[in-house]
Undergrad: 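Quick one: structure below, then a few questions.
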Amino acid sequence: MQIPNKYEAKLVEEKWREYWDKNKIYKSSVNIAKEKFSVVIPPPNITGILHIGHILNNTIQDVYCRWKRMKGFEVCWVPGMDHAGIATQIKVEEDLKKQGISKYELGREKFVQKVWDWKEKYGVIIFQQLRKLGVSVDWSKERFTLDKGLSKAVKEVFVDLYKKGYIYRGKRIVNWDNISQTALSDDEISYKEQKDKLYYIKYPIVGEKGSVVIATTRPETMLGDTAIAVNPDDTRFSSLKGKYVILPVVNKEIPVIFDSYVDMEFGTGALKITPAHDANDYEVGKRHNLEFINVLTKNGKINNNGLDFEGLSIFEARDKILRRLQQEGHLERIEEYTHNVSVSERSGAIIEPYLSDQWFVSMKKLSEPAIKVVEEGKIKFHPEKWTKTYYYWLNNVRDWCISRQLWWGHQIPIWYNKNTGEIYCEVEPPKDIENWEQDQDVLDTWFSSWIWPFSVFGWNNSENDKQNLELKYYYPTDFLSTAPEIIFLWVARMIMSGLEYMKDIPFKDVYFHSTVRDSKGRKMSKSLGNSPDPLKVMDDYGTDALRFTIIYLAPLGADVLFEDKNTEIGRNFITKLWNAGRFLIMNKEKVNSSDEFGNDEPDYNFTEKWIDSRFNETIKEIEFYLNSFRLNDYAKSLYSFVWSDFCDWYIELTKVKISTNPESARKSISRALDIYKKVLKMLHPVIPFVTEEIWHLLNENVEEKSISISDFPVQNENYINPKTEKIFETFKDLVTTTRTERAKFSNINNYKYNIIVKPLTSASRENIDQLRFSLKSLINNKGDIIVENSDSKFNGTDGEYFSVMFDFTNGIPQIKVEEIENKNTREIESLKSYIQTLKMKLTNKIFLEKAAIDVIEKEKQKLNESKEKLDKLSKM
RNA sequence: GGGCGAUUAGCUCAGUUGGUUAGAGCACUUCGUUUACACCGAAGGGGUCUGAGGUUCGAAUCCUUAAUCGCCCACCA
């Protein structure tokens with residue numbers, strides 16, 4: 001049989017992508033005979049390109065989907081995309097700008113059509129990239145947050161919440177972006193340090209001589225001042241109770257109010273209150289029933305509340321007002337000042353706090369049951385620490401502003417009567433539409449994603465839902481993997497909507513994956529240009545290599561530093577796996593079907609016993625790790641089994657047998673093949689392509705379609721044998737020590753040394769021979785190995801332990817292997833450390849067997865003493 | 001300012017309820033191409049587990065404290 005000596009990831013991967021697509025391997029349908037495992041993808045933005053965080057998140061989901069599928073679950077992984085309101089709108093606006101077109105020229109309808117055109121053209125890119133990653137999603141179930149069904153669901157939810165009184169219209173200071181002409185959410189703004197000036201302005205006290213000095217960076221907003229505030233505990237101002245001050249420039253009397261919000265330490269301790277242009281002032285204004293005077297237009301000019309400053313830009317107005325203050329003698333002084341200003345992440349505009357009408361969802365009632373389901377453990381967070389963040393946020397929940405001044409998105413299903421001003425809120429537009437005007441705003445993008453776990457299955461808030469088999473079967477979903485940053489934006493809200501509309505949790509386990517950072521620990525970001533291009537990494541190293549590496553490196557609950565070069569871990573491992581497969585395939589022909597080890601045969605010797613034990617233990621481990629959401633340990637466990645146990649020892653020993661005992665070798669290879677195939681299955685969830693490829697190379701004539709629908713191996717406890725493993729460890733120790741010693745003497749010509757192996761209980765002749773040959777080969781055929789016979793026999797189970805001893809007394813190094821009588825484990829452990837001591841003494845060439853025994857005796861005594869102590873203690 | 005977390009080998013990190021000799025990968029040194037693999041094999045060097053106290057027969061692990069760093073949230077006129 002031919003097997004290429006190099007694994008060509010690129011060719012192989014595309015072959016299997018096509019195969020999986022063509023055979024619809026990952027298509028899911030309702031099958032009540034089977035237990036289901038359903039996952040909805042966190043929908044990537046249509047503007048998105050795959051970044052390293054996506055690789056991690058989607059590989060995590062794929063590992064679980066593939067694993068559960070192999071374990072016999074009906075797995076359904078729903079792919080989809082998010083329309084990403086503002087991000088997409090800005091992208092299209094930019095494109096149009098390049099052509100010299102503004103969205104206002106086009107008008108709303110045509111502009112939205114342009115966005116749809118753009119979506120058709122570029123929206124598929126992220127899917128193509130996900131496909132490249134090898135995700136086992138059911139493509140036939142693809143959803144988009146703006147498609148018909150989902151739009152209907154969004155409207156249903158809005159109308160329902162409105163009718164329940166959860167949705168209300170309110171004033172709110174929004175983050176206004178003058179350039180994009182839209183309100184931004186807090187998450188769409190960032191802070192930038194900026195040098196500014198702090199102006200100290202005198203407000204004369206009415207009916208008194210003095211004045212109160214306040215400090216501000218925004219003098220132009222004083223046009224909208226409706227009070228000044230001081231801290232009630234601030235004795236400097238206690239005489240001002242009930243007093244008024246004159247607002248300079250405007251020449252209006254405004255009250256002095258007392259509010260603990262004011263920081264006594266900052267500035268002068270007195271603060272001007274502009275409720276319409278500052279979020280905190282707004283809160284203060286509400287507490288004290290102040291007037292809200294808006295002095296700005298939507299494009300950042302002074303409006304008609306701004307006296308003769310009307311029409312000026314913010315900066316023009318600032319200059320003019322400062323001059324006026326100067327003239328009137330109200331400007332006390334100016335200081336240099338560095339502070340943070342908020343900036344739009346998208347357009348770079350400085351954010352203007354702006355009071356406007358917005359729609360809100362009242363969150364208090366919705367959040368209570370959402371807290372409960374997490375407290376009760378119905379939904380589990382992994383790692384658990386995120387529950388703290390979750391509780392903190394939900395206990396301090398603020399109402400959700402859901403309106404956005406955009407064109408791309410779900411337009412709010414509210415109509416205003418042109419004549420009466422009456423409000424109409426229904427899923428369908430009013431019949432006499434000509435008398436109504438629809439609200440111009442669209443809904444926050446999260447308003448469609450918060451119902452994602454049920455809307456994707458066709459939920460539409462009608463009687464049909466009860467007949468909707470998919471909804472009934474797949475909801476609640478089982479697993480959600482996402483970034484901790486959106487725990488509140490998305491995860492918490494999905495839990496609320498799920499409980500409200502499905503009367504059930506939306507998912508059972510939530511996995512918060514690591515944040516991927518660059519090698520210097522910085523967050524990956526476009527502006528830093530430090531984000532590796534995953535597509536290039538996939539081309540350079542192979543998709544499996546990247547998948548394996550990222551899972552291997554990302555522990556539960558910690559950040560992961562990543563650079564391209566790391567991917568060598570995965571690539572090298574895959575090469576190793578591939579070559580082990582080559583070795584087995586090359587030797588496969590030597591194997592007859594009858595060459596299987598019977599487990600009771602004498603030939604089922606301790607090498608086989610050992611690998612069986614290690615292997616079954618590995619199955620057990622990975623099962624545990626996957627169930628505990630410790631994916632990196634899952635990867636590590638297999639990595640070390642394949643490399644350290646299977647390749648370095650088992651296959652190497654098999655080679656020894658090939659030259660010494662062909663009969664036994666055939667059986668070992670047969671055993672190795674059996675284990676290897678199972679290992680492929682165990683690795684398939686994380687490295688699907690290469691395992692599929694080797695699987696088919698190994699199973700040329702076998703009926704099985706794809707490794708991804710084969711059975712996942714199950715451990716057999718009976719094979720797990722700690723004693724055998726210990727014996728093998730000692731054997732390894734013996735070999736290693738011998739090699740070490742040999743290396744030291746390798747410079748001295750032909751230094752001869754013997755190894756004396758004193759076999760343990762009930763050893764068959766063959767076993768002794770095998771042990772001898774193994775040793776001889778593994779230490780490179782130098783020196784003699786003397787295997788002594790003994791009355792007791794070796795079988796690897798009755799013998800508890802070997803001790804390794806060295807003797808230099810004749811000038812010829814000798815190594816003795818001796819059994820130590822049955823001891824309890826703890827004692828054996830401690831004795832083992834003396835073997836180490838002995839080794840050290842050996843290197844110093846001052847070893848005396850007797851001394852060693854003395855030391856052992858001494859230690860035994862010590863152990864007994866501490867045991868007695870323990871006994872005493874436990875009796876107390 | 002509020003909350004969370006970290007500090008272990010040159011680098012990136014494991015170390016599961018306290019218990020043998022603190023592990024792995026990369027990097028480094030030496031040796032080696034014996035027909036799976038140089039994207040390899042063998043061997044080796046390298047750690048007072050951030051500092052200081054404490055609990056314990058025993059602490060990287062638990063407690064107190066200090067220092068340094070990181071993240072999330074809020075944000076000062």
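As the structure is a prediction and not an experimental result, all values here were calculated from the model. Below, read A as the first sequence line, B as the second, and so on, with proteins coming before strands; counting in each chain starts at 1.
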Undergrad: Validate the cation-pi geometry between A:R333 and A:Y200: distance from NZ or CZ to the six-membered ring centre under 6.0 Å, angle to the ring axis within 45°.
TA: yes
Undergrad: Quantified in whole Å, what is the P atom distance between nucleotide B:A27 and nucleotide B:U34?
TA: 23 Å
Undergrad: When you check the phosphate oxygens OP1 and OP2 of B:C37, does a side-chain N or O of A:W643 lie under 4.0 Å from one of them?
TA: no
Undergrad: Taking donor-acceptor contacts at under 3.5 Å, does the side chain of A:K655 reach the base of B:A36?
TA: yes
Undergrad: Could you check A:L584 against A:D278 and say which one's nearest nucleotide on RNA chain B is further toward the 5' end?
TA: A:L584
Undergrad: Using the P atom on both, measure B:U29 against B:C13 and round to a whole Å.
TA: 24 Å
Undergrad: Among B:A14, B:A42, B:A77, which nucleotide has an atom closest to any side-chain atom of A:T216?
TA: B:A77
Undergrad: Please pick, from B:A14, B:C40, B:U16, the nucleotide with the shortest atom-to-atom distance to any side-chain atom of A:F624.
TA: B:U16
Undergrad: Taking atom P of B:A36 as reference, at what distance in whole Å does atom CG of A:D648 sit?
TA: 14 Å
Undergrad: Whether the side chain of A:N395 engages the backbone of A:Y391 through a donor-acceptor N/O pair (distance < 3.5 Å, no angle test) should be reported.
TA: yes
Undergrad: Calculate the interatomic distance between A:F641 atom CZ and B:G25 atom C1'; express it in whole Å.
TA: 20 Å
Undergrad: With A:I228, which of A:I254, A:I273, A:V213 fulfils side-chain contact (heavy atoms from CB on, under 4.5 Å)?
TA: A:I254
Undergrad: Between B:C11 and B:C28, how far apart are the P atoms? Round to whole Å, please.
TA: 15 Å
Undergrad: To the nearest Å, how far apart are A:D645 CG and B:G41 P?
TA: 14 Å
Undergrad: Is there a salt bridge (charged side-chain N to carboxylate O under 4.0 Å, His left out) between A:R218 and A:E220 once you walk through the steps?
TA: CA-CA 6 Å; A:R218 304 280 319 268; A:E220 70 280 4; 2.7 Å; yes
Undergrad: Can you give the dot-bracket line for RNA chain B, using ( ) for pairs inside the strand, [ ] for pairs that cross earlier ones, | for pairs with another strand and . for unpaired bases, where Watson-Crick and G-U count if both distances are under 3.5 Å?
TA: (((((((..((((.....[...)))).(((((.......))))).....(((((..]....))))))))))))....
Undergrad: Taking the minimum atom-to-atom distance to the side chain of A:L271, which one of B:G25, B:A36, B:A77 wins?
TA: B:A77
Undergrad: How far, in whole Å, is B:U8 from B:G46 if one measures between their C1' atoms?
TA: 14 Å
Undergrad: When you measure from the side chain of A:D544 to the backbone N and O of A:F689, does any donor-acceptor pair fall under 3.5 Å?
TA: yes
Undergrad: What's the closest nucleotide to the A:E652 side chain, out of B:C39, B:C13, B:A36?
TA: B:A36
Undergrad: Could you tell me how far B:U65 sits from B:G5 if I compare only their P atoms? Round to whole Å.
TA: 15 Å
Undergrad: Phosphate oxygens OP1/OP2 of B:C40: is one of them under 4.0 Å from a side-chain N or O of A:N579?
TA: no
Undergrad: Measure from CG on A:L653 to P on B:U34 and round the result to the nearest Å.
TA: 20 Å
Undergrad: Could you check whether the side chain of A:R582 and the base of B:C37 have a donor-acceptor pair of N or O atoms closer than 3.5 Å, going by distance alone?
TA: no
Undergrad: Could you state the OH-C1' distance from A:Y282 to B:C75, rounded to the nearest angstrom?
TA: 19 Å
Undergrad: If I take atom NZ in residue A:K565 and atom P in nucleotide B:G25, what distance separates them, rounded to the nearest angstrom?
TA: 14 Å
Undergrad: What distance separates A:I694 CD1 from A:Y7 OH, expressed to the nearest 0.5 Å?
TA: 7.5 Å
Undergrad: As a test of reading the structure: which of B:A24, B:A36, B:U16 is closest to the side chain of A:I651, going by heavy atoms?
TA: B:A36
Undergrad: In whole Å, what is the span from the CH2 atom of A:W649 to the C1' atom of B:A36?
TA: 18 Å
Undergrad: Counting side-chain heavy atoms from CB outward, which of B:C39, B:C37, B:U35 is closest to A:M586?
TA: B:U35
Undergrad: So, do A:R614 and A:W649 sit near enough that their side-chain heavy atoms are less than 4.5 Å apart?
TA: no
Undergrad: I want to confirm an ordering. Mapping A:N572 and A:I569 to their closest nucleotides on RNA chain B, which one lands closer to the 5' end?
TA: A:I569
Undergrad: When the P atoms of B:G54 and B:U12 are compared, how many Å lie between them, rounded to an integer?
TA: 32 Å
Undergrad: Would you call A:K620 and A:E623 a salt bridge, using N to O less than 4.0 angstrom?
TA: no
Undergrad: Which of the following nucleotides, B:G25, B:C13, B:A36, is nearest to the side chain of A:K636?
TA: B:C13
Undergrad: Rounded to whole angstrom units, what separation is found between the CD1 atom of A:I487 and the P atom of B:C72?
TA: 14 Å
Undergrad: With P as the reference atom in both, quote the distance from B:U21 to B:A67 in angstrom, rounded to an integer.
TA: 35 Å
Undergrad: For residues A:W386 and A:F381, establish whether the separation of their ring centroids is below 6.0 Å.
TA: no
Undergrad: How far does the P atom of B:U48 sit from the matching atom of B:A43, given to the nearest Å?
TA: 25 Å
Undergrad: Base, sugar-phosphate, or nothing for A:W393, non-hydrogen atoms under 4.0 angstrom?
TA: sugar-phosphate
